[in-house]
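Worksheet for the structure shown next.
Per chain, numbering begins at 1; letters A, B, ... match sequence-line order. What's counted below: heavy atoms across the whole structure, side chains too, no hydrogens, waters or symmetry copies. Quantities reported herein were computed from a predicted structural model and do not represent experimental measurements.
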Amino acid sequence: MITKEPSLPPNFIRNIIEEDLKTNKYEGRVATRFPPEPNGYLHIGHAKSICLNFGLAVEYEGTCNLRFDDTNPSKEESEYVQSIQNDVRWLGFDWKDRLFYASDYFEQLYAYAVQLIQIDKAYVDDLSAEEIREYRGTMTQQGKNSPYRTRSVDENLDLFRRMREGEFENGSRVLRAKIDMASPNLNMRDPVMYRILRSIHHRTDDRWCIYPMYDFAHCISDSIEGITHSICTLEFEDHRPLYDWFLDELKVYHPQQIEFARLNLSYTVMSKRKLRELVEQGYVAGWDDPRMPTISGIRKRGYTPESVRNFCERIGVARRDSMVDMALLEYCIREDLNLRAPRVMAVLHPLKVVIENYPEDRVEELEAVNNPEDPGMGSRKVPFSRVIYIEREDFREDAPKKFYRLAPGCEVRLRYGYYIKCEKVVKDEQTGEVIELRCSYDPETRGGWAADGRKVKGTLHWVSAAHSIPAQVRLYDRLFVKANPVEEKSDVDFKSYINPNSLEILESCRVEPSLNNATSGNRYQFERLGYFCVDSMDSRKGQPVFNRIVTLRDTWAKIEQKEKM
RNA sequence: UGGGGCGUCGUCAAGCGGUAAGACACAGGAUUUUGGUUCCUGCAUUCGGAGGUUCGAAUCCUCCCGCCCCAGCCA
């Protein structure tokens, strides 16, 4: 019996492609493209599109082009071209030699525009921007023809050539497609194809003073590149008739445009405008702030490309508007790191513990497993001594019912260490704050096992005071406290839902000495706490800086929460 | 109230006339030197609503309701 290949879950785009392959619509080819405009940073919504387009190409042994949609020089910069390429590469995709720019096609686009003029399907309009808007009509009222609509082909040809030559001022004239001012689809009411715009283009410099509009440039770029399936987001659906119109009138190779719903993620925002607002008004440290849903932010946070790709696979592709739960993204990174991240002990809020019956000058090297999920990752030695730090949270003077950590008179296990029992609580005389614990240890429990078989419920992580190294740890959390900060039908500013605790910087953490060698980008699981990543900018040898990627699932927090209610 | 879309579990999402996959979340339980992981179990008699066609409808038809997008010389 032949087992079926493990196939990916179906979605409507794969269905279309399968069908096209069956009917040999494109001679068995699958050619997609990812067409970002280089006017900003990519975010996880783009990752969905990248995974979709490049993923399809891999799956069907086709190609996927990276094409910059750079038809508006007033907004675009090469800085973004670079960052976009970094992000796509980081996600794990390779466009090989298929890197293109819409600006590569300016000359050809111009020729096609001339061709449309020649068949009387395009004309030069002298109306002002304002007038064009008025003539366009409204959603419920049809538009009316521009007085310049009936110009002769020759005059149009002449005018368009002179537009290119730079004879006219910015905004004084445009080239329009001659379609139908009465169309119920606003996009078909003689859309603008070219505008006069004097601006330095990042690739063509000042060679052009007229630039094609998206609708005209995009379909032709797709056609030139021999794209089969031109995948874009839902808001372009109304543009499809126009996409088809240009290609039909020009009688050129005709790809099919397919629209899917863009990604929305809970507890964050996705629009470029809002992200820019957060950056420019200083709510975050920059586009790559680890709390940002940008690819660079996610990368700095410590997410792996594998986990992001996996996330994009799991969310599926469909045509309905949706809001994916951030919990799924978090699940994906935990799933990945659980298998790969070495375990290590780190104490974020140190509480000093003196083990009174442990010899003053003794130091033991205890064997600690690096990853229980993967024996191949081996083990390491962790120094243990009389004075250690434990997590402040792991001690309660008045332990609640299901609290099985340390409390006066109680015994717990130190991970890979000994059983210890809390004998005495030392408090600050002024404030009453617990500043130190005096404990005893059972020498018979080395490694964490009791010879007499007695069980202990809790296991705590710890570090030796004398051997641990100081570290800064940044605790990142969700950027917003509200699942959807952008309520439709509400004029509340989304920024009022920013989580005031989305970043907590801890300066006096102590981590085990093995972390002295932690290098930029390394990811660890701090046992019982979460997954952390060595910061790529601020970390120094002997003084590491860690970013929290995500916490571990915390069942105790849930229990405690429930008890409170 | 013009046009274009979309409505299947709390959140995503399969399903394409033969009697509701899966994932996350959630809730129980088992195992555990991470209250982690893993493993079981439960979680839509019902697919926005109402009619109709059919032996049979989430799937076809009709009407209704709700949500999203479109009036840039942005993409």
Side-chain angles (χ1 to χ4, degrees), chain A residues 9-11 15 35-37 39 69-72 74-76 125 127-130 132-134 136-143 170-176 183-189 191-197 210-211 213-215 217-218 232-241 259 261 266 272 313-332 334-335 338-339 343 345 368-369 372-373 402-405 413-417 447-449 455-461 483 488 525-530 551-560:
Chain A
N11 65 49
N15 293 346
E37 182 189 13
N39 72 341
D69 224 329
D70 54 352
T71 56
N72 187 351
S74 63
K75 292 174 148 188
E76 296 149 6
D125 198 345
L127 253 29
S128 69
E130 173 122 352
I132 286 180
R133 192 181 334 120
E134 282 162 15
R136 185 155 35 226
T138 67
M139 281 186 280
T140 51
Q141 280 170 243
Q142 63 180 59
N170 285 353
S172 61
R173 275 177 236 259
V174 292
L175 182 72
R176 290 232 253 173
S183 171
N185 181 344
L186 287 314
N187 296 302
M188 299 299 272
R189 320 242 261 228
V192 171
M193 291 168 58
Y194 271 90
R195 74 284 213 185
I196 302 173
L197 190 58
I210 57 171
Y211 290 93
M213 299 287 290
Y214 165 85
D215 288 302
H218 202 90
C232 62
T233 44
L234 246 28
E235 68 271 25
F236 290 102
E237 180 144 31
D238 287 344
H239 295 243
R240 196 171 63 221
E259 311 85 14
S266 62
K272 256 180 209 172
E313 197 55 62
R314 282 170 191 253
I315 57 176
V317 181
R319 286 178 65 88
R320 67 182 85 117
D321 294 313
S322 60
M323 163 94 59
V324 174
D325 195 335
M326 178 67 92
L328 181 61
L329 218 210
E330 295 172 346
Y331 172 84
C332 288
R334 284 191 192 110
E335 181 189 45
N338 174 48
L339 265 24
R343 272 59 170 173
M345 290 196 283
V369 169
E373 302 295 323
K402 290 173 184 162
F403 185 86
Y404 42 88
R405 273 113 104 142
R413 170 170 39 231
L414 293 177
R415 179 133 235 226
Y416 302 123
W449 299 104
K455 293 270 196 294
V456 102
K457 264 195 170 172
T459 300
L460 308 187
H461 61 277
E488 296 84 12
Q525 184 198 95
F526 288 0
E527 291 216 38
R528 305 210 304 134
L529 297 172
T551 61
L552 251 30
R553 269 184 63 208
D554 192 347
T555 308
W556 163 243
K558 253 179 227 168
I559 294 169
E560 199 175 31

Please classify the nucleic acid contact of A/His239 as base, sugar-phosphate, or nothing, using heavy-atom distances under 4.0 Å. base

Got a donor-acceptor contact below 3.5 angstrom from the A/Arg334 side chain to the A/Thr551 backbone? yes

Could you give the distance separating B/U41 and B/G49 at their C1' atoms, to the nearest angstrom? 35 Å

Polar atom pairs (N or O), protein with nucleotides 14-16 of chain B, under 3.5 Å:
{"residue": "B/A14", "atom": "OP1", "partner": "A/Val317", "partner atom": "O", "Å": "3.3"}

How about A/His461 and A/Arg415: does a side-chain donor come under 3.5 Å of a side-chain acceptor? no

Provide the distance between the two C1' atoms, one in B/G52 and one in B/U59, to the nearest whole Å. 15 Å

Between B/G35, B/A75, B/C68, which one does the side chain of A/Arg405 approach most closely? B/G35

Output the rounded distance in Å from NZ (A/Lys457) to P (B/U31). 13 Å

Using a heavy-atom cut-off of 4.0 Å across all strands, would you classify A/Ser322 as base, sugar-phosphate, or nothing? sugar-phosphate

Considering only the P atoms, how many Å lie between B/G56 and B/C68, rounded to the nearest integer? 38 Å

Please work out if A/Glu237 contacts a base, only the sugar-phosphate, or nothing of the nucleic acid, heavy-atom cut-off 4.0 Å. sugar-phosphate

Expressed in whole Å, how much space separates the C1' atoms belonging to B/U19 and B/C47? 13 Å

Taking side chain as C-beta onward, heavy atoms only, is A/Glu330 less than 4.5 Å from A/Asp325? no

May I have the distance from A/Lys455 (atom NZ) to B/U31 (atom C1'), rounded to whole angstrom? 12 Å

Value in whole Å for how far the P atom of B/C70 lies from CD of A/Glu259: 14 Å

Rounded to the Å, how far apart are A/Arg189 CZ and B/G2 C1'? 8 Å

Hey, are A/Thr459 and A/Arg413 close enough side-chain-wise for a donor-acceptor pair under 3.5 Å? yes

Select base, sugar-phosphate, or nothing to describe what A/Phe236 touches, counting heavy atoms under 4.0 Å on all strands. base

With both distances under 3.5 angstrom, what nucleotide forms a Watson-Crick or G-U wobble pair with B/C39? B/G29

Quick note, A/Val324 side chain, CB onward, closest among B/A23, B/U34, B/C12 is B/C12

Are any non-hydrogen side-chain atoms of A/Met213 and A/Thr71 less than 4.5 angstrom apart? no

Write down the distance between OH (A/Tyr214) and C1' (B/C73), rounded to a whole number of angstrom. 17 Å

Would you indicate what A/Gln525 reaches in the nucleic acid, counting non-hydrogen atoms under 4.0 angstrom: base, sugar-phosphate, or nothing? base

Partner of B/C6 under the Watson-Crick or G-U wobble criteria, both distances under 3.5 Å, comes out as B/G66

Between A/Arg314 and A/Glu335, does a salt bridge (charged side-chain N to carboxylate O under 4.0 Å, His left out) hold up when you go through it step by step? CA-CA 13 Å; A/Arg314 282 170 191 253; A/Glu335 181 189 45; 2.9 Å; yes

Any side-chain donor near an acceptor of the partner, A/Glu130 and A/Ser128, under 3.5 Å: no

If I take atom CG in residue A/Asn187 and atom P in nucleotide B/G5, what distance separates them, rounded to the nearest angstrom? 13 Å

So A/Ser74, base contact, sugar-phosphate only, or nothing? Heavy-atom distance under 4.0 Å. nothing

Have a look at A/Ile559 and say if it touches a base, only the backbone sugar-phosphate, or nothing, with a 4.0 Å heavy-atom cut-off. base

Base, sugar-phosphate, or nothing: which does A/Ile132 touch, judged by heavy atoms less than 4.0 Å apart? base

Quick one: label A/Phe526 by what it contacts on the DNA or RNA (base, sugar-phosphate, nothing), any heavy atom closer than 4.0 Å. nothing

Heavy atoms under 4.0 Å, any strand shown: does A/Leu186 hit a base, just sugar-phosphate, or nothing? base

Which is true for A/Val192 with a 4.0 Å heavy-atom rule: it touches a base, it touches only sugar-phosphate, or it touches nothing? sugar-phosphate

Write down the distance separating the P atoms in B/A44 and B/A21, rounded off to the nearest Å. 10 Å

Given the P atoms of B/C9 and B/G5, what is the spacing between them in whole Å? 23 Å

Intermediate values then yes/no, side-chain hydrogen bond (donor to acceptor under 3.5 Å, both in side chains), A/Asn185 and A/Ser183: CA-CA 5 Å; A/Asn185 181 344; A/Ser183 171; 5.5 Å; no

Quick one: look up who B/A13 pairs with, Watson-Crick or G-U, both distances under 3.5 Å, and put none if it's unpaired. none

Categorize A/Arg413 for me: base, sugar-phosphate, or nothing, with a 4.0 angstrom heavy-atom threshold over every strand shown. base

Could you write out each protein N or O paired with an N or O of nucleotides 40-44 of chain B at a distance under 3.5 Å?
none

Would you indicate which nucleotide in B/G2, B/U34, B/A75 comes nearest to any side-chain atom of A/Pro372? B/U34

How would you label the contact of A/Tyr194 with the nucleic acid (heavy atoms, under 4.0 Å): base, sugar-phosphate, or nothing? nothing

What integer distance in Å separates A/Arg528:CZ from B/G35:P? 5 Å

Checking all strands, does A/Arg173 fall into the base, sugar-phosphate, or nothing category for heavy-atom contacts under 4.0 angstrom? nothing

How far apart are the C-alpha atoms of A/Glu37 and A/Lys75, what are their side-chain angles, what is the distance that settles it, and do they pass the salt bridge (charged side-chain N to carboxylate O under 4.0 Å, His left out) test? CA-CA 9 Å; A/Glu37 182 189 13; A/Lys75 292 174 148 188; 5.2 Å; no

Syn or anti conformation of B/G48, syn meaning chi within 90° of 0: anti

Indicate the ring-plane relationship of A/Phe236 and A/Tyr214, choosing parallel, tilted or perpendicular according to the 30° and 60° boundaries. tilted

Closest to the side chain of A/Asp238, out of B/G3, B/U37, B/G35, is B/G3

For B/G72, what is the paired nucleotide under Watson-Crick or G-U wobble rules, both distances under 3.5 Å? none

In whole Å, what is the span from the CG atom of A/Leu328 to the P atom of B/U11? 14 Å

Distance between C1' atoms of B/G17 and B/C12 (Å, rounded): 27 Å

Using only atom types and a distance under 3.5 Å, with no angle test, would you say the side chain of A/Asp215 pairs donor to acceptor with the backbone of A/Pro191? no

